[in-house]
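Worksheet: the structure to be examined is printed underneath.
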Amino acid sequence: MDKDGKVRARFAPSPTGALHIGGAHTALFNWLWARRTGGTFILRIEDSDAERSTAGYEDTIMDGLRWLGLDWDEGPDKGGGYAPYRQSERMSVYRKYADELLEKGLAYRDDGAVIFKVPSGVSLLMRDAIYGDIKIQSEKASVSQDGSVKDIVIIKRDGMPTYNYAVVVDDHEMDINWVIRGEDHISNTPKQMLLYRAFGWDMPNFAHLPMILGKDKKKLSKRHGATSVFEYGDLGYLPDSIFNFLALLGWSPGGGAEIFDRNVASESFELSKVTKKPAVFDIDKLNFVNQEHLKIMDPAVKKKIIEPFWVKLGLSPEKHSDQYLMDALVLMGARGRTTRELAEFSDYFVSFAPVKARYDASEVGFEQREPLKKFFAAFMGIPNWDAEEMEAFARNWCRANGTPLKEIALPLRWAMTGRKVSPGIFEVVQLLGPDECQTRLKYYGFLE
Ligand code: GLU
């Protein structure tokens with residue numbers, strides 16, 4: 001704990017790529033723990049690998065965190081009491097502590113590098129909040145391929161600190177008391193513990209998060225599809241859904257609740273409840289979570305989110321009023337698992353072009369056209385442009401003319417939507433309005 005006994009947790013990405021699912025998962029659990037405990041969430045950029053790190057990726061990672069709603073209290077853009085928050089700006093600190101180890105005789109120079117001497121006969125007990133206690137002997141903390149003890153490089157020949165060293169110095173200097181990160185770092189932890197010990201520093205609490213697997217039970221990777229959070233955004237997943245879904249990878253609020261928002265999650269989160277069992281990234285589950293979030297979304301917000309997807313489909317939502325577009329989305333109900341699907345499924349409300357592209361009425365024969373024309377001529381004259389009245393009118397007309405209702409309703413649905421399935425067709429017609437309905441019927445020759 002820091003001086004006030006508060007949690008200080010950090011997300012420490014290397015800016016060598018966009019914010020991917022694994023990174024977002026780690027950031028999210030740190031954020032949850034800091035928010036749950038009223039602590040501080042820190043963003044630290046681990047850019048000591050100068051060749052692979054770029055400022056562009058640093059921005060993308062920050063944008064990704066913002067998109068997910070994971071705000072940080074200290075960081076390179078925000079500053080804070082422990083600045084600077086970029087490793088590349090902390091070189092003098094790494095040098096100072098390396099000198100300290102050299103002076104104490106705990107490290108030596110070799111070929112320009114500074115190397116920490118792994119002590120022998122030290123028992124390390126790693127207390128992991130998720131994995132439990134892990135005991136390891138110092139001789140096993142860092143080994144070469146042949147099994148012999150391998151001293152730990154802390155400053156490379158080019159003067160740059162190594163990850164295992166810089167992370168210890170930074171976490172100590174920044175009063176980090178919770179290190180929450182992916183399980184792939186478990187094997188690094190004993191090396192880091194040896195360094196804490198050499199400096200005589202208190203160790204932080206460790207919590208390693210479960211591995212994320214693809215559905216084939218192999219470690220999640222590019223082979224499994226989209227990797228960056230923004231790719232999921234482009235595919236039509238809401239930030240709320242990605243947040244919810246990532247939180248479910250290793251944790252759940254209990255009571256079978258699966259759909260929740262940031263507030264509920266940050267009020268009920270418990271690190272001790274996180275499982276070490278590998279979590280499976282199941283796209284069907286993500287689709288379900290996304291659909292549930294779409295269902296409960298306010299229509300005005302939904303409209304704002306769907307609009308760019310309509311535009312991407314080449315449609316012009318700006319030609320319509322906000323109210324009309326919102327009404328269309330309300331009518332769509334729970335259709336569409338993603339915003340992209342919902343935009344596709346509702347394209348006919350925005351414009352006629354996609355309907356024409358999908359449907360040419362060639363299956364409607366001559367003998368079917370005559371009754372259709374008769375029906376629609378009468379239909380267009382109904383006094384109130386109201387779905388219930390339209391339906392009553394259609395039923396009465398069909399009864400009187402010995403025509404099955406579906407012989408009217410099916411071509412009508414195709415002409416309005418270019419699809420086999422849609423919300424109630426008379427409600428669709430009502431919303432499209434008489435002019436648009438007339439245009440579409442005439443185009444298909446269902447109305448003179
Ligand atoms: N930069 C490291 C990574 O991205 C941080 C690991 C850690 O949290 O210690 O994996």
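Note that ligands are numbered from 1 as they come in the structure, with each ligand's atoms numbered from 1 the same way.
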Relative to the ring of Tyr359, is the ring of Trp414 parallel (under 30°), tilted (30 to 60°) or perpendicular (over 60°)? parallel
With rounding to the nearest 0.5 angstrom, report the CG to CZ distance, Asp77 to Arg66. 5.5 Å
Hey, can you pull the donor-acceptor pairs under 3.5 Å for the side chains in residues 229-239, sequence neighbours left out?
residue	atom	partner	partner atom	Å
Glu231	OE2	Thr227	N	3.3
Glu231	OE2	Thr227	OG1	3.4
Glu231	OE2	Ser228	N	3.1
Tyr232	OH	Ala226	O	2.9
Tyr237	OH	Asn287	OD1	2.6

The residue among Lys78, Arg35, Arg10 that forms salt bridge (charged side-chain N to carboxylate O under 4.0 Å, His left out) with Asp73 is Arg35
Which of Arg44, Arg181, Arg8 passes salt bridge (charged side-chain N to carboxylate O under 4.0 Å, His left out) with Asp171? Answer is Arg44
Look at atom CZ of Arg197 and say whether more than 12 heavy atoms of other residues, nucleotides or ligands are closer to it than 6.0 Å. no
Please tabulate, one line per pair, the protein N or O atoms found under 3.5 Å from any N or O atom of ligand 1, giving the distance to one decimal.
residue	atom	partner	partner atom	Å
ligand 1	1 (N)	Ala12	O	2.8
ligand 1	1 (N)	Ser14	OG	3.1
ligand 1	1 (N)	Glu46	OE1	2.7
ligand 1	8 (O)	Arg10	NH1	2.7
ligand 1	8 (O)	Arg10	NH2	3.3
ligand 1	9 (O)	Arg10	NH2	3.0
ligand 1	9 (O)	Tyr163	OH	2.6
ligand 1	9 (O)	Arg181	NH1	2.9
ligand 1	10 (O)	His185	NE2	2.8

